[in-house]
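Reminder, nothing fancy here: chain letters follow the sequence lines and each chain counts from 1. This is a predicted model, so every value here is computed, not measured.
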Number of protein chains: 2
Amino acid sequence: MSPKRGVAPLRRTAIVRATIRCLARDGYTGLTMKKVAREAGVSQGILHYYFADKRAILVAALETVTADLDRRVAAAQARGGKDAKERLQALVAACLRLAVEERAFWIVFVEFWGEMMHDRRLREINAALYERMRRLIGAVVVQGVRAGTFRRTDGRRAAAVILGLVDGVSLQLAFDATAFSVAEATRFCTDAVMRYLAREVP
Amino acid sequence: MSPKRGVAPLRRTAIVRATIRCLARDGYTGLTMKKVAREAGVSQGILHYYFADKRAILVAALETVTADLDRRVAAAQARGGKDAKERLQALVAACLRLAVEERAFWIVFVEFWGEMMHDRRLREINAALYERMRRLIGAVVVQGVRAGTFRRTDGRRAAAVILGLVDGVSLQLAFDATAFSVAEATRFCTDAVMRYLAREVP
DNA sequence: CTTTCTTGATTGGCCGACCAATTATCTTTG
DNA sequence: CAAAGATAATTGGTCGGCCAATCAAGAAAG
């Protein structure tokens with residue numbers, strides 16, 4: 001009836017996807033093995049075949065979401081072409097769009113943060129993700145500085161600022177979609193970033 | 001042994017404070033009535049005398065944290081004097097300091113967000129808080145615009161940007177204190193805000 | 001002697017983890 | 001190539017434990 005050999009990855013991803021849906025619906029508090037199994041259309045027992053425990057499933061969910069974020073950012077980078085300004089704008093737009101288009105993904109992040117706060121291993125995973133994002137943004141900034149598009153500035157600091165801004169505004173979007181629209185948010189975020197990186201006025 | 005009449009508020013705050021400590025240690029997932037009671041040095045039963053259920057305790061914890069944030073922000077505003085620029089700088093500094101000095105408070109926020117994502121009433125409470133913060137920041141911005149300190153801009157949008165920036169950078173601080181220091185963060189956040197609001201635009 | 005506050009034990013339910021048994025697939029062997 | 005293991009995948013049920021909420025009863029204050 002069900003496929004067997006060599007389909008482990010398929011089943012695994014099915015479970016992870018179901019987990020993300022459950023997480024978005026009920027949060028980590030309301031996340032039970034039973035619900036996940038039901039959502040994925042598998043038996044409860046199998047969850048512990050693919051994952052050591054509940055935390056491992058949460059980590060897998062974050063990894064999936066992270067991979068998707070990376071993919072979107074990379075796509076945005078590519079779309080932005082060679083120009084640092086355009087690449088940065090595309091990056092900001094991609095991140096903000098994620099906050100509303102893939103609301104479930106953002107929820108996974110927030111739920112993960114909650115657990116992370118009191119679990120060192122989870123914290124390390126998150127720290128690595130943020131470091132990666134800062135490095136990526138920093139690289140674009142440095143590229144722009146070299147090209148003379150942006151003012152001379154420390155890439156690392158600028159990256160922290162830009163990432164913080166995008167994160168913070170995304171949160172506001174995810175929390176309360178009525179406050180302002182994505183389009184609006186994208187506009188004033190890119191505006192802020194460009195002002196921040198603009199060359200000094202003579 | 002224990003005081004009785006009219007001490008309800010005292011006991012209540014003792015419970016809430018214990019809840020905040022527990023929340024910071026084990027998160028909302030690991031928050032149990034037993035632990036809170038033990039931490040507060042009271043019996044389990046009393047928790048349901050002061051609070052309808054677990055969620056009500058979480059709400060109370062957020063209210064306490066929020067009140068503290070408001071107090072700090074108000075103090076910063078007063079310290080900043082009349083000058084819009086200084087007031088804004090003081091505000092940013094106060095928020096960022098909270099992320100490390102009162103780490104427990106910040107954790108309460110994150111835990112609350114996790115629960116909020118799938119609970120409308122909690123979401124409304126949070127939305128009100130953010131709206132209040134935006135209004136407050138917006139007012140300072142408008143004041144600066146009127147005084148000619150800042151460029152002409154929409155107070156509401158600027159407030160969302162500034163709040164987002166502070167939130168996002170605070171998160172990075174709370175998540176991984178080794179990434180950069182508070183002093184550093186404060187410096188480049190205020191720098192970013194000032195550039196964003198600066199009159200001379202290229 | 002009434003009201004307010006407090007206790008600690010109880011209860012019903014659910015959860016994560018574990019496991020023995022079963023089925024499907026692959027591999028080896030005659 | 002077919003029978004016979006060997007291995008991988010899957011199931012459903014079980015179990016000990018813990019949790020939130022309830023409650024009857026008691027203690028302190030008015």
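When each of B:Leu98, B:Leu136, B:Asp68 is paired with B:Val73, the side chain to side chain contact (heavy atoms under 4.5 Å, CB included) condition holds for B:Leu136 and for no other.
The distance between atom NZ of B:Lys54 and atom P of C:dG13, rounded to the nearest whole Å, is 19 Å. When rounded to the nearest whole Å, the span between CD1 of A:Ile46 and C1' of C:dT23 equals 12 Å. Between B:Leu47 atom CG and C:dT7 atom P there is a gap of 10 Å when expressed in whole angstrom units. Distance B:Met33 CE to C:dG13 P: 19 Å, rounded to the nearest Å. When rounded to the nearest whole Å, the span between NZ of A:Lys34 and P of D:dG13 equals 11 Å. Rounded to whole Å, atom C1' of D:dA9 lies 11 Å from atom CD1 of A:Ile15.
Put simply, B:Arg11 has no side-chain N or O that comes within less than 4.0 Å of OP1 or OP2 on C:dC5. Phosphate proximity of C:dA17 to A:His48: present, with a side-chain N or O under 4.0 Å from OP1 or OP2.
Closest-nucleotide positions on DNA chain D for B:Arg55 and A:Gly45 were compared, and the one nearer the 5' end corresponds to A:Gly45.
Here B:Arg121 does not pair with B:Glu124 in a salt bridge; the nearest charged N to carboxylate O distance is not below 4.0 Å. A salt bridge links B:Arg195 with B:Asp191; the closest basic N to acidic carboxylate O contact falls under 4.0 Å.
A:Ile57 comes within 4.0 angstrom of no nucleic acid atom, judged by non-hydrogen atoms across all strands.
Checked against D:dA20, C:dT6, D:dA9, the side chain of B:Thr32 finds its nearest nucleotide in D:dA20. The side chain of A:Tyr49 approaches D:dA8 more closely than any other nucleotide in the set D:dA20, D:dA8, C:dT6. Of all nucleotides listed (C:dT6, D:dT10, C:dA17), C:dA17 comes nearest to the side chain of A:Asp53. Distances were taken from every side-chain heavy atom of B:Gln44 (C-beta onward) to each of C:dT7, D:dA21, C:dC15; the shortest belongs to D:dA21. Checked against C:dT7, D:dT10, D:dA20, the side chain of A:Tyr50 finds its nearest nucleotide in D:dT10.
Of the possible polar contacts, none joining the B:Gln89 side chain to the B:Thr190 backbone as a donor-acceptor pair under 3.5 Å is found.
Around the CZ atom of A:Arg17, the shell of radius 6.0 Å holds no more than 12 heavy atoms that belong to other residues, nucleotides or ligands.
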